[in-house]
Amino acid sequence: MRNLICKYKELTFEHKTVLKTILGLCFSSILACGKLIIGLFTDYNLISIAVYTFGILLAKLECVLGLKTNKRTFKQRNLLVAVFLFISSIFYIGFMCRMFFIERKIKDNGMVYVLLLAFISFVELGFAITGLFNSKVKGHYIRNIKIINFCIALIAILTTQMSIINMTSNSGIVDISNAYTGIGVGIFIAICAVFILIAPKTGVIDREHNVFALKYADKNTLINLDNATVEIVLSRSNVYGSYVYRATIQDGNTIDGNIEREKSLWKRMHVILKIICCILSEILIFVWLIGRLLFFLRSINLPKRLEQKMNKNGFEIIEIKNE
């Protein structure tokens, strides 16, 4: 055991991230198999839950295989990830829509069954959130894993909520609002699948390093070539962290640099303020999410926008280097 711990400590952060993802994938697969087995004997609804869970796990598996092997191109694997996630969203929406057409009486499966389902969902939520915040390595596959973890977390939250509401219900009828919430979650997962498909062409990842050369000096009103460095703000935000193109001026007319994201307010914040924000999370989370969405929309395809800005000032792109 000590040797295993020592070997784990010697791994790079990227390898640790992959190992944690594989362990989380195995654990989630075991839980999904448990839901399938329980569903076969007690509650057929769990079979549907297991099916869309397996779809999500297949999407996550493709990300892990992409990090470990080169048997498929990134484009092929990214397409499979998006397809598996989109199919899972359709199954999930269909599973939630069934509440409108079937008898909505709560089955009397007993307190132990309800608590077990809530516990499994809560454990899934914990693993999903851990994977969401522990991935600091950049890359398309890591980003996709974080998105999938977030989708799993949303489903786990809703499943836990439904289990608790059903357990405490006095009417014996399933709360139909859960169906609307579930459909919303399913639509969000479908949007995430579409985003995964188009992100390589619109995001910054693997397009950070941009090199430009001055071709038309009379158009240049943006950069002072007498300086050694240049900094161009592409998308400004004091809360979420601005995107900035930082570069050095080489040979008097070549601009060589990277698109970087500055630290967000959360990372700059003192620990006491972080605790206060956590206490007020129910109030702040929706405001933060809406603002984050708006910032994301403002930051779509920054490398292309940088190229257009440089072209207007007489520069032409030489290359985009993958980091």
Side-chain angles (χ1 to χ4, degrees), residues 14-36 39 46-97 120-121 123-159 182-203 205-206 296:
E14 182 175 359
H15 288 120
K16 288 180 181 178
T17 301
V18 173
L19 180 60
K20 290 176 183 178
T21 302
I22 292 173
L23 292 175
L25 186 62
C26 293
F27 186 79
S28 297
S29 300
I30 293 172
L31 291 179
C33 291
K35 291 177 183 178
L36 182 62
L46 283 180
I47 298 177
S48 301
I49 295 175
V51 169
Y52 65 69
T53 301
F54 280 126
I56 291 178
L57 294 180
L58 283 173
K60 197 171 184 180
L61 178 62
E62 283 295 331
C63 295
V64 174
L65 293 175
L67 291 168
K68 300 291 289 183
T69 68
N70 295 316
K71 291 184 178 180
R72 286 196 181 102
T73 64
F74 166 74
K75 187 176 181 180
Q76 291 172 332
R77 288 205 184 276
N78 197 63
L79 176 62
L80 286 174
V81 172
V83 168
F84 283 137
L85 195 60
F86 188 82
I87 292 174
S88 297
S89 70
I90 299 300
F91 268 101
Y92 191 73
I93 291 172
F95 174 70
M96 288 299 170
C97 285
I120 291 175
S121 300
V123 172
E124 285 183 327
L125 174 63
F127 271 87
I129 292 177
T130 300
L132 186 65
F133 287 101
N134 280 349
S135 299
K136 298 180 181 179
V137 181
K138 293 182 179 180
H140 291 294
Y141 289 122
I142 298 297
R143 182 209 54 227
N144 291 349
I145 288 172
K146 293 174 73 174
I147 292 173
I148 294 169
N149 282 333
F150 185 63
C151 294
I152 293 173
L154 289 177
I155 292 176
I157 289 172
L158 185 58
T159 305
I183 292 171
V185 170
I187 293 173
F188 177 80
I189 294 174
I191 293 173
C192 287
V194 175
F195 170 73
I196 286 174
L197 188 63
I198 66 174
K201 296 181 179 180
T202 60
I205 295 175
D206 285 344
F296 165 76

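Here, residue 1 is the first one in the sequence, and each next residue gets the next number.
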Are there over 12 heavy-atom neighbours, none belonging to Tyr52, within less than 6.0 Å of that residue's OH? yes
Which pairs with one or both residues in residues 81-97 pass side-chain hydrogen bond (donor to acceptor under 3.5 Å, both in side chains), sequence neighbours excluded? none
So do Leu80 and Arg72 actually touch side chain to side chain, heavy atoms under 4.5 Å? yes
Qualifying residues under side chain to side chain contact (heavy atoms under 4.5 Å, CB included), relative to Leu79, sequence neighbours excluded: Val83, Leu197
Residues, nucleotides or ligands: over 12 heavy atoms within 6.0 Å of Phe54 CZ: yes
Test item: Phe150 and Phe188 side chains (from C-beta on) under 4.5 Å apart, heavy atoms: yes
Residues in ring-ring contact (aromatic ring centres under 6.0 Å, His included) with Phe195, at least two apart? Phe296
Applying ring-ring contact (aromatic ring centres under 6.0 Å, His included), can you list everything that pairs with Phe74, at least two apart in sequence or on another chain? His140, Tyr141
Between CD1 on residue Ile90 and CG on residue Leu85, distance to nearest 0.5 Å: 10.5 Å
Would you name the heavy atoms of Met96 and Gly182 that are closest together and state the gap between them? CG-CA, 3.6 Å
Drop me the distance from Ile152's CD1 to Leu57's CG, to the nearest 0.5 angstrom. 5.5 Å
With rounding to the nearest 0.5 Å, note down the distance linking CG in Asn144 to CG in Asn149. 11.0 Å
Residue pairs passing the salt bridge (charged side-chain N to carboxylate O under 4.0 Å, His left out) test with at least one member in residues 73-95, sequence neighbours excluded, are Glu62-Arg77
To the closest 0.5 Å, what do you measure between CD1 (Ile148) and CD1 (Ile189)? 10.5 Å
Interatomic distance, Ile56 atom CD1 to Leu61 atom CG [nearest 0.5 angstrom]: 13.5 Å
Non-hydrogen atoms of Cys63 and Ile145 that approach each other most closely: CB-CG1, 3.5 Å
When every non-hydrogen atom of Ile155 is compared with those of Val185, the smallest separation belongs to CG1-CG1, 4.2 Å
